[in-house]
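I have placed the structure first, in the form of C-alpha cells, so that the comments after it can refer back to it.
Keep in mind that the numbers below use all heavy atoms, side chains included, and drop hydrogens, waters and symmetry copies.
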Amino acid sequence: MKNKTRWILQATSGLILTGSGLSLAIDAGVTKMQGGDWFFYGTGALVVFNAGLCLVIDAARFK
C-alpha cells in the first residue's frame with residue numbers, strides 16, 4: 001500500500017473513531033446522570049476514543 005493511501009485511510013478511520021468515542025462517552029455520561037449502568041459503556045467509549053487518537057497521531061508517519 002502506498003504511503004499516501006495508508007495515510008488517508010488511517011487518518012480518516014482515526015478521526016471517525018475519535019468522534020465516535022466522544023459521542024459514546026457523552027452518552028455514557030447521560031446514562032450515569034439518569035442512574036443507569038454506565039461503567040463498562042464509558043470504559044469502552046474511552047477505549048474507542050484513545051484508539052482513534054492513536055491512529056490519527058500514527059498516521060503522520062505516512063504523510
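Taking hydrophobic clusters as Ile, Leu, Val, Met, Phe, Trp and Tyr residues chained together by side-chain heavy-atom distances below 4.5 Å, W38 does not share a cluster with M33. Hydrophobic clustering keeps L55 apart from F49 (ILVMFWY residues linked when any side-chain heavy atoms are closer than 4.5 Å, directly or through intermediates).
Within the structure, salt bridge (Lys or Arg N to Asp or Glu O under 4.0 Å) contacts touching residues 14-28 (residues at least two apart or in different chains) do not occur.
Listed by chain and number, the hydrophobic cluster partners of I26 come to none, as no ILVMFWY side chain reaches under 4.5 Å of it.
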Distance-only check: which donor-acceptor pairs under 3.5 Å involve side-chain atoms of residues 6-20, not counting sequence neighbours?
unit_1: Q10; atom_1: NE2; unit_2: D58; atom_2: OD2; d: 2.8
unit_1: T12; atom_1: OG1; unit_2: I8; atom_2: O; d: 2.6
unit_1: S13; atom_1: OG; unit_2: L9; atom_2: O; d: 3.0
unit_1: S13; atom_1: OG; unit_2: Q10; atom_2: O; d: 3.1
unit_1: T18; atom_1: OG1; unit_2: G14; atom_2: O; d: 2.8
unit_1: T18; atom_1: OG1; unit_2: L53; atom_2: N; d: 3.4
unit_1: S20; atom_1: OG; unit_2: I16; atom_2: O; d: 2.9

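Rounding to the nearest 0.5 Å places CZ of F39 at 10.5 Å from NZ of K32.
Closest approach of A45 and A25 over heavy atoms only: CB-N, 3.4 Å.
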